[in-house]
Amino acid sequence: MTLKYLNPVKYTQRLRRWQAEREYSIKDIALQEKTKFQSLGFDYDKAEQTLIKALLEKQEVSADQESMRSIHWQLFAALAEQESIKNVLEIGTYDGETARIMTRLFPQAKIYTIDLPSDDPVFTKTYTRNEENRKQEFIKKRKSNLNHERIFYKEINSFFLPEAFKFKFDLIWIDGGHLYPEVAWDLCNAYHACQSGGWLMIDDILIDSNAIKNEYSGPDGFIAMEYMAERLGTTASYFLKRNKPKYSALSEERKYVGVLQKK
């Protein structure tokens, strides 16, 4: 037996995970998520069919990407089924994959996506982009994904969003910094940039009171989202990002996608 298994903290955590994965029911979780879709007037099964048709048949994503699929793809598909989306804003471009996917799901929409300038210190120090060769490979991949006539990319800190666009959006996807203060100003700016009746969606929400904060995620998004919903007199919905046991068996590790419609 190696020493790492003699550490009582690690042993207890491994035991908890093992027990949680044994008790985890993908079938029950899927039923819960379908019910959440229905509460917003979305059709879960139809959205899945739309997603497969729009993406997999077009080979828009690889098998590896499909294995990491997040519920926000299906939420986009559900929204595409029932509403005419003309202008979409993505806060946090990353490698451009999501923007590319949205061109498939919203064939009439213009996709505007913003991210930090490539020389911004926060951009450089995250996701191993401090290594110049990796940074250039990342930028090359992003450029390829964004090479589309309906994608418009802008390098800007999201703090300055109000001065970047003079029109409003039907859907805003928030996937920038997930910690305070960035996540708070992104939600605030996104709300004011959204059309009445439009939709705000935000990635990587941790709602468990025991959720562990790290350099990329924490409970800050949930706190900001709930604060905003309360002030607006409405309710935010939270959809499990991935329903596989290795991602979601332990409640403190479960990530959600937050959804709110602006009235």
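Just so it is clear, the model here is predicted, and its values are computed rather than measured. Along the sequence shown, residues carry numbers from 1.
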In sequence, state the C-alpha distance, the side-chain angles, and the governing distance for Glu33 and Lys36, and then conclude on salt bridge (charged side-chain N to carboxylate O under 4.0 Å, His left out). CA-CA 5 Å; Glu33 297 307 302; Lys36 293 179 189 177; 3.0 Å; yes
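- Applying ring-ring contact (aromatic ring centres under 6.0 Å, His included) to Phe76 and the options Phe42, Trp173, Trp199 leaves one that passes, Trp173.
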Give the C-alpha distance, both sets of side-chain angles, the deciding distance and a yes or no for side-chain contact (heavy atoms from CB on, under 4.5 Å) between Val88 and Phe169. CA-CA 6 Å; Val88 178; Phe169 298 89; 5.7 Å; no
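- In terms of modelled atom types and a separation under 3.5 Å, the side chain of Ser248 and the main chain of Asn243 share no donor-acceptor contact.
- The two atoms that bring Tyr216 and His178 nearest to each other are O-CB, 3.2 Å, heavy atoms only.
- Between Met102 and Ile85 there is no side-chain heavy-atom pair separated by less than 4.5 Å.
- You'll find the ring centres of Phe165 and Phe152 outside the 6.0 Å limit.
- With Gln136 as the fixed residue, the side-chain hydrogen bond (donor to acceptor under 3.5 Å, both in side chains) test singles out one of Lys140, Arg134, Glu132: Glu132.
- Environment of NZ in Lys168: crowded, with over 12 heavy atoms of neighbouring residues, nucleotides or ligands closer than 6.0 Å.
- Between Leu200 and Lys262, the closest side-chain pair of non-hydrogen atoms is not below 4.5 Å.
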Verify salt bridge (charged side-chain N to carboxylate O under 4.0 Å, His left out) between Asp203 and Lys255, making sure each step is shown before the conclusion. CA-CA 8 Å; Asp203 200 17; Lys255 291 183 178 181; over 6 Å; no
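- Judged by distance alone, the side chain of Arg254 and the main-chain N or O of Leu240 form no donor-acceptor pair under 3.5 Å.
- Side chains of Asp43 and Glu81 form no contact here, defined as non-hydrogen atoms less than 4.5 Å apart.
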